[in-house]
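Structure first, commentary second.
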Amino acid sequence: MNKLLHISASPRGSASESLRIADVFTTAFAESHLNASVEHWDLWDGSLPDFAVGARAKMTVFSGNTPQGAEAQAWAAARRVFERFAGAERLLFSVPMWNGSIPYVLKQFIDVVSQPGWVFGVDPATGYSHLLDGPGTRVAVVYTSAVWGPGLGPEFGRDFQSTYFTDWLHWTGLTDTSEIHFHPTLTGDADAARQEADAAARDLAKTF
Ligand SMILES: Cc1cc2nc3c(=O)[nH]c(=O)nc-3n(C[C@H](O)[C@H](O)[C@H](O)COP(=O)(O)O)c2cc1C
């Protein structure tokens, strides 16, 4: 194993809790994996292509044809994003909760890379197959929120963040997933929750 790719979904820079926890993780990872490199992919950096024409290309491929012209270009751009993602043996995602779910830039990433023949196959009788299940890739995910927390009632929102994103990972075939959570809630002890999340990140990173 020689590379950890950190894919981040918070645009909040130094104010970000998820980026801070991810930084604890990558620092501990680098200290305990001296021959490995760590790469950071900020999904807000403009590298994700628009997927309007890509959506047409996807349905062209889905129906057994080859995208042409603008569709071919959109398909190639999506493929470059997929290859960057699928080329890493270790993945770390940092994911804030936005409106009960994930930031739209991460959904854009999912919509760009989740293509037939790359991430999934589908059989009319047996359903989906999961094409990333081969190479033993490990995935860690940092989930953060500020209002919602485990054990709170629906008046504090619901978790469509970890449920959706971890399910998507498993659907791709990436089933070796670990989660680090930071959900201080509005009445909790944020500093204690920070220390707990940092310790969990450090522990996991050492043996990742
Ligand atoms: C656009 C937006 C939507 C948010 N929606 C929720 C939400 O639905 N539930 C919640 O508990 N926190 C919500 N939050 C708070 C963030 O999940 C929380 O502050 C998280 O730690 C942010 O991650 P970051 O600090 O890495 O940016 C929202 C924050 C933003 C900016």
Side-chain angles (χ1 to χ4, degrees), residues 3-31 38-52 81 84-85 88 90-114 138-172 174 177-206 208:
K3 188 166 94 179
L4 167 69
L5 177 62
H6 169 211
I7 300 178
S8 66
S10 171
R12 297 200 319 121
S14 59
S16 163
E17 299 280 6
S18 61
L19 284 169
R20 190 188 51 73
I21 297 164
D23 190 52
V24 170
F25 185 102
T26 54
T27 301
F29 179 87
E31 281 168 8
V38 177
E39 184 184 328
H40 182 198
W41 184 0
D42 174 3
L43 292 179
W44 294 94
D45 68 4
S47 58
L48 282 180
D50 174 274
F51 200 60
V81 174
R84 187 173 179 192
F85 153 64
R90 295 288 182 274
L91 287 161
L92 169 66
F93 286 89
S94 48
V95 182
M97 178 180 283
W98 275 21
N99 299 308
S101 180
I102 59 173
Y104 63 84
V105 75
L106 182 57
K107 182 59 165 55
Q108 183 180 349
F109 168 84
I110 288 172
D111 289 339
V112 169
V113 301
S114 301
R138 291 184 67 186
V139 187
V141 189
V142 175
Y143 288 115
T144 66
S145 69
V147 179
W148 178 85
L152 293 180
E155 60 275 29
F156 293 93
R158 294 181 201 275
D159 175 20
F160 298 105
Q161 171 202 36
S162 68
T163 50
Y164 172 71
F165 188 67
T166 296
D167 184 72
W168 175 77
L169 288 170
H170 291 180
W171 174 73
T172 69
L174 295 171
T177 57
S178 307
E179 300 178 7
I180 299 151
H181 287 266
F182 175 68
H183 307 291
T185 75
L186 297 176
T187 54
D189 182 339
D191 284 337
R194 259 182 215 107
Q195 281 175 28
E196 226 172 278
D198 288 2
R202 251 182 245 110
D203 281 354
L204 179 60
K206 282 181 198 155
F208 196 61

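We count ligands from 1, going down the list as the structure has it; atoms in each ligand are counted the same way.
Shortest contact from atom 20 (C) of ligand 1 to any protein heavy atom: T144 OG1, 3.3 Å. Ranking the protein heavy atoms by distance from atom 31 (C) of ligand 1 puts W98 NE1, 3.5 Å first. In terms of protein heavy-atom proximity, atom 22 (C) of ligand 1 is nearest to P96 CB, 3.6 Å. Annotation: atom 15 (C) of ligand 1 to nearest protein heavy atom, A146 CB, 3.8 Å. Looking only at protein heavy atoms, the nearest one to atom 17 (O) of ligand 1 is M97 O, 2.6 Å.
Short contacts between ligand 1 and W148, defined as distances under 4.0 Å to a heavy atom of the residue, involve ligand atoms 10 (C), 11 (O). Counting the atoms of ligand 1 from 1 in the order shown, those under 4.0 Å from a heavy atom of R12 are 24 (P), 25 (O), 27 (O). Each of the atoms 24 (P), 26 (O), 27 (O) of ligand 1 lies under 4.0 Å from some heavy atom of S10.
Looking at G100, S8, P11, S94, it is G100 that brings a heavy atom closest to atom 8 (O) of ligand 1. In this comparison of V147, N99, V142, the heavy atom closest to atom 7 (C) of ligand 1 sits on N99.
Note that OG of S178 and CZ of F208 are 6.0 Å apart. Values are rounded to the nearest 0.5 Å.
Taking the six-membered ring for Trp and the full ring otherwise, W44 and Y104 have centroids separated by under 6.0 Å.
In summary, R20 and D23 do not engage in a salt bridge, as defined by a charged side-chain N under 4.0 Å from a carboxylate O. A salt bridge links E17 and R194; the closest N-O separation between the charged side-chain nitrogens and carboxylate oxygens is under 4.0 Å.
Listed by chain and number, the residues in a salt bridge (charged side-chain N to carboxylate O under 4.0 Å, His left out) with K107 are D111 (sequence neighbours excluded).
Among pairs with a residue in residues 145-156, those fulfilling side chain to side chain donor-acceptor pair (under 3.5 Å) read S145-H183, at least two apart in sequence or across chains.
Between V81 and Q108 the shortest side-chain heavy-atom distance does not fall below 4.5 Å.
With a heavy-atom cut-off of 4.0 Å, E17 touches ligand 1 through backbone and side chain alike.
When all heavy atoms are compared, the tightest approach of G149 to T185 is CA-CG2, 3.8 Å.
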